[in-house]
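Accompanying notes for the structure given below.
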Amino acid sequence: MSEPSSTAPKSAASRLFDIRLMIGGLFVVYGLLLTLYSFFTTAAELAKAADININRWLGLGMLALGLFFLIWARLRPLLPPDPDAIDMTRPLQH
Amino acid sequence: MTQLDVNLFDYLILGIYFALVVTIGLLARRAIATSEDFLLSGRSLPAWVTGLAFISANLGAIEILGMAANGAKYGLSTVHFYWIGAVPAMVFLGLVMMPFYYGSRVRSVPEYLRRRFNAPTHLFNAISFAVAAVLTAGVNLYALALVIEALIGWPSWLSIILAATFVLVYITLGGLSGAIYNEVLQFFVILAGLIPLVVIGLKDVGGWSGLQRRVIEETELGPEAFSTWAGTQVGAWTNPLGDWIGIVMGLGFVLSFGYWTTNFAEVQRALSAKDLSAAERTPLIGAYPKIFIPALTIIPGLIAIVIVPELGKEGSGTTYNDAIPLLMNHYLPNGALGIALAGLLAAFMAGMAANVSSFNTVFTYDIWQTYIRKNFPDHYYLNVGRIVTVAGIVIGIGTAFIAAGYNNIMDYIQLLFSFFNAPLFATFIIAMFWKRTTPWAGLAGLIAGTLGAGVFHLIGPKIAYFHAGQTLAGPANAQMINFYGAIAAFLADAVVTVIVTLLTTPKPVSELAGLVWGVPDPAAGDPHAGYVRKWWESPKLLGFTALAIVFVLSLLFI
């Protein structure tokens, strides 16, 4: 059995990307696709969905949520990786 | 279940989603240099991410389909699984237990038991958890295959291999970060899938009042469908979930606290938070969606029995679990259908990934590092973690077929809970608040509790009180037997823990620093020292507000 290595690798967790960009991107794409598709809704589809053009509403809703995440990520970006700041036992701010 | 009319546009939506799932795994890989990066996300995530992952790890497709099934079968009484059966335990985890878990720097729930008790207690819990996690992963995979076969017509072997491969890719590469990020994404997609069903369905049946009228007039559920506590009196229960003792003590206390506060698949999400404050807020943030999710599961269940009155009846070729797929087929045009399908498939994979990503952590740290290969360099355990992830998925595929023998998936999961989780909470609560509790009392209590659950499972169905009408002639109430079985497990564990504690030697208090109430770890310092929180980040405020909302809702829907 060997001793724990003194050159233990440092955590790379600060290199993790921002999930808000993924959620935002996906929902903007879905929102645009659904909204466009909703212009081709047939009468039969409308009747099926209790006369709601659901793709339009869902598309616009998803677009709004996607934009919310993108704007949030833009206004409050993740802190840039700072290798000296990785003290796991103490809060970083204040 | 009828096959869905899926077109190319739906497949495009599915394709984009699955491409993103893999991308998240690939990108998260860059952030992994140590075993803790892989197995605990390097303890770096913000509270809103871990909080949504916390609820998403529970919001698997089995849960969604199962709760819609319960809604169709029992009506509004199903809210007991959410309000009394989840929220109080989540608040307790955040406010009371998280300082012990996160503050003591343990890497898993079994590791807490090792430091609080001894190696045998630890091993018993680590192995029983690992087995349960792999079984649950297999159940998810099997259920996914059944649903895809029914909805899209793909053979079950194909969907099992495909779904397992996607999960394999994103959690073997991205580790817990890959799992958690996908869970957060899945949370929003499943909401986007379910909300249209509720909106269209409610408009179709004439709104909430129309739904009430039609369920009462046209279905066998009758007026009881819209009360939650009616018929729960002890001795002469008629509520589909039995009497209030079973609901409050069995479901609300033992099962719920056992699941939410000691199930590592949940607690792991909080341990990956970046600091104690974020860890405390993880289950509290998760509690808010949990309060309102019943609107997206129970209401579709009730709409389904109005639209398809023969749902779940013998000879109709349907089961209650078909409620949501039936509504998707009935209401959703292509496009919205693709979103709902993506959400459902994502929820199945999340249910599997949450279990595999907690299984690999317990196996790597608690079994491999603790008992088999100690003191190797960290890189070695990172590799072990990756290999165990692959092995867990392969075993999950195998165990998928164990689930095939059971008809109601939720009952099967509940059965697992009552065997493994019910005794756990008794042990934890006594261990945290009674510092004399001895190492051997931990093991003895857990074994007694598990045996208690098993024995009750055998004798419960033979007791007339647990049958409809309180006579053996009526059908047995499986939920009620589970609830009382959990109470039996809890009592067996508690009694044996106390007796063994009084007969054996406790650990010196110096070894319990940071692990029990009233014995702080002097080396840890004040975890909140110098940390100025914004007022809305206060765990107490978040927790008590959640409880207040549940209380008001419970009164409204009494």
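Chain naming here is simple, since letters A, B, ... match the order of the sequence lines and numbering starts at 1 in each. When reading the values below, keep in mind they use all heavy atoms of this one structure, side chains included, and skip hydrogens, waters and symmetry mates.
- Within 6.0 Å of CG on B:L8 lie no more than 12 heavy atoms contributed by other residues, nucleotides or ligands.
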A:E45 vs B:N334, side-chain contact (heavy atoms from CB on, under 4.5 Å): CA-CA, chis, key distance, verdict: CA-CA 8 Å; A:E45 283 177 326; B:N334 296 112; 3.9 Å; yes
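- Only the side chain of A:L58 comes within less than 4.5 Å of a heavy atom in chain B; its backbone stays farther off.
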Applying side-chain contact (heavy atoms from CB on, under 4.5 Å), run through B:L27 and A:M22 and close with a yes or a no. CA-CA 11 Å; B:L27 290 177; A:M22 294 288 162; 3.2 Å; yes
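- The main-chain N or O of B:I13 is found under 3.5 Å from a side-chain atom of A:Y30 such that the two form a donor-acceptor pair.
- In this structure, B:A192 and A:M62 approach most closely via the heavy-atom pair CB-CE, 3.7 Å.
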Please determine whether side-chain contact (heavy atoms from CB on, under 4.5 Å) holds for the pair A:I23 and B:F187, giving the CA-CA distance in whole Å, both sets of side-chain angles, and the decisive distance to 0.1 Å. CA-CA 10 Å; A:I23 303 172; B:F187 174 81; over 6 Å; no
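- In terms of heavy-atom pairs under 4.5 Å with chain A, the best-connected choice from B:L12, B:T23, B:I24 is B:I24.
- Put simply, the side chain of A:L33 reaches to within 4.5 Å of the side chain of B:I16, judged on heavy atoms.
- Residue B:H330 comes nearest to A:K48 through the heavy atom pair O-CG, 3.2 Å, listed as atom of the first residue, atom of the second, then distance.
- Of the atoms belonging to A:L65, it is side-chain heavy atoms, and not backbone ones, that fall under 4.5 Å from chain B.
- The shortest non-hydrogen separation linking A:N55 to B:A336 is OD1-N, 2.9 Å.
- In this structure, B:D37 contributes its side chain and A:S11 its backbone to no donor-acceptor pair below 3.5 Å.
- Between B:Y331 and A:I54 there is no side-chain heavy-atom pair separated by less than 4.5 Å.
- Residues A:I19 and B:W48 approach most closely at CG2-CH2, 3.8 Å, considering heavy atoms.
- Most heavy-atom pairs under 4.5 Å with chain A: of the set B:V199, B:I195, B:V184, B:L332, this distinction falls to B:L332.
- Residues B:K203 and A:I52 form a side-chain contact, since some pair of their non-hydrogen atoms from C-beta on lies under 4.5 Å apart.
- For A:F40, no part lies under 4.5 angstrom from a heavy atom of chain B.
- Heavy atoms of B:I180 lying under 4.5 Å from chain A are absent altogether.
- With chain A as the partner, the residue from B:L45, B:V189, B:L337, B:V49 showing the most heavy-atom pairs under 4.5 Å is B:V189.
- Of the residues considered (B:S41, B:P46, B:P196), B:P196 shows the highest number of contacts with chain A, using heavy-atom pairs under 4.5 Å.
- Taking the six-membered ring for Trp and the full ring otherwise, B:Y181 and A:F17 have centroids separated by under 6.0 Å.
- Closest approach of A:A12 and B:I32 over heavy atoms only: CB-N, 4.1 Å.
- Here the side chain of B:D204 pairs no donor or acceptor atom with the backbone of A:A49 at under 3.5 angstrom.
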